[in-house]
Amino acid sequence: MPDFSQWLPPGRAVEGAGRATTLVARRFRRATIVAVVAVLCTAVVLFSLLISGEPVTPMLLFLPFTGPALFDCVRWYRRAEAAQRTGWRPATVTLGPVRRRQTWATVAVKFADGSLIRLRTCDLGFSALALAELPDLPALIGGHGSAFTVLILPKPPWRDRPKLMTASAETFRWTPVPRRRPKP
């Protein structure tokens, strides 16, 4: 088994890991269904245009849907595999400031052993805007390198549903060392 200590602290299964794995697998299945439908529609249109002898230019309308669908399927596959390989670790996260037109946000992650890692996420939406700058949100972290998954756990009465975000590492995991005070 590979060593993922540069990304995640060592640990065992945590409460909620099954739900996190289920959510990631559900996203992967949804992305796979969308990709298969997009590829089938593109193939049917291309085949019907080739048989009828019409120009193939109308098929170009399907390409903007097929490419992103396949990319999303591959992205969720990588993240599901990475989370399965590394497992899930409890942590607290703080989303950095998010502006309205900004396409990414920094996620500061603090693990139970005191180590830190900084992630970058592009999964922004209204919920990310609402969660931005709330300190120490309970979360589960899974994955490694450019295939991290962050599951912000629900906290009733404010949030009754978990928030699943994809992220990639900006830094390796590191443990802050307390500074020594100079002798007077």
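Hydrophobic clustering places Phe111 together with Val93 (ILVMFWY residues linked when any side-chain heavy atoms are closer than 4.5 Å, directly or through intermediates). Hydrophobic clustering keeps Val34 apart from Val24 (ILVMFWY residues linked when any side-chain heavy atoms are closer than 4.5 Å, directly or through intermediates). Transitive grouping of hydrophobic side chains (ILVMFWY, heavy atoms separated by less than 4.5 Å) keeps Trp76 and Leu70 in distinct clusters.
Formation of a donor-acceptor pair under 3.5 Å by the Arg78 side chain with backbone atoms of Cys73 is not found in this model. Checked by atom type and distance alone, the side chain of Thr92 never pairs as donor or acceptor with a backbone atom of Pro138 at under 3.5 Å.
For Arg27, there are no side-chain hydrogen bond (donor to acceptor under 3.5 Å, both in side chains) partners, not counting sequence neighbours. Listed by chain and residue number, nothing satisfies the salt bridge (Lys or Arg N to Asp or Glu O under 4.0 Å) test with Arg30 (two or more places apart in sequence, or in another chain). Residues forming a salt bridge (Lys or Arg N to Asp or Glu O under 4.0 Å) with Arg118 (at least two apart in sequence, or on another chain): Glu170. In this structure, the side-chain hydrogen bond (donor to acceptor under 3.5 Å, both in side chains) partners of Thr21, at least two apart in sequence or on a different chain, are Trp88.
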List the steps and the verdict of salt bridge (Lys or Arg N to Asp or Glu O under 4.0 Å) for Arg173 and Asp113.
CA-CA 11 Å; Arg173 185 176 67 90; Asp113 66 351; 3.3 Å; yes

Between Leu95 and Met165, does the side-chain contact (heavy atoms from CB on, under 4.5 Å) criterion hold? Intermediate values first, please.
CA-CA 11 Å; Leu95 271 71; Met165 297 188 305; 4.1 Å; yes

Test log, rule side-chain contact (heavy atoms from CB on, under 4.5 Å), inputs Thr121 and Trp104
CA-CA 5 Å; Thr121 182; Trp104 57 270; over 6 Å; no

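For the pair Arg79 and Ala147, the tightest heavy-atom approach, listed with the atom from each and the gap, is NH1-CA, 3.1 Å. Taking all atoms of both residues into account, the shortest heavy-atom contact from Gly143 to Phe148 is O-CE2, 3.5 Å. Counting all heavy atoms, side chain and backbone alike, Thr94 lies closest to Pro135 at OG1-CA, 3.7 Å.
Judged by distance alone, the side chains of Thr42 and Thr66 do bring a donor and an acceptor atom under 3.5 Å apart.
Counting only residues at least two apart or on different chains, the ring pair (Phe, Tyr, Trp, His ring centres under 6.0 Å) pairs with a member in residues 22-46 are Phe28-Tyr77. For residues 61-72, every residue pair satisfying the salt bridge (charged side-chain N to carboxylate O under 4.0 Å, His left out) rule, not counting sequence neighbours, is listed here: Asp72-Arg75.
The OG1 atom of Thr86 sits 11.0 Å away from the CD atom of Glu81 when rounded to the nearest 0.5 Å. Atom OG1 of Thr22 and atom CZ of Arg29 lie 8.0 Å apart (nearest 0.5 Å).
A 4.5 Å side-chain heavy-atom check between Leu164 and Ile152 finds every atom pair outside the cut-off. The shortest side-chain heavy-atom distance between Thr175 and Leu116 does not fall under the 4.5 Å cut-off. Residues Leu119 and Val150 meet the side-chain proximity criterion, which asks for heavy atoms closer than 4.5 Å. Considering only heavy atoms from C-beta on, Thr149 stays 4.5 Å or farther from Ile141 through its side chain.
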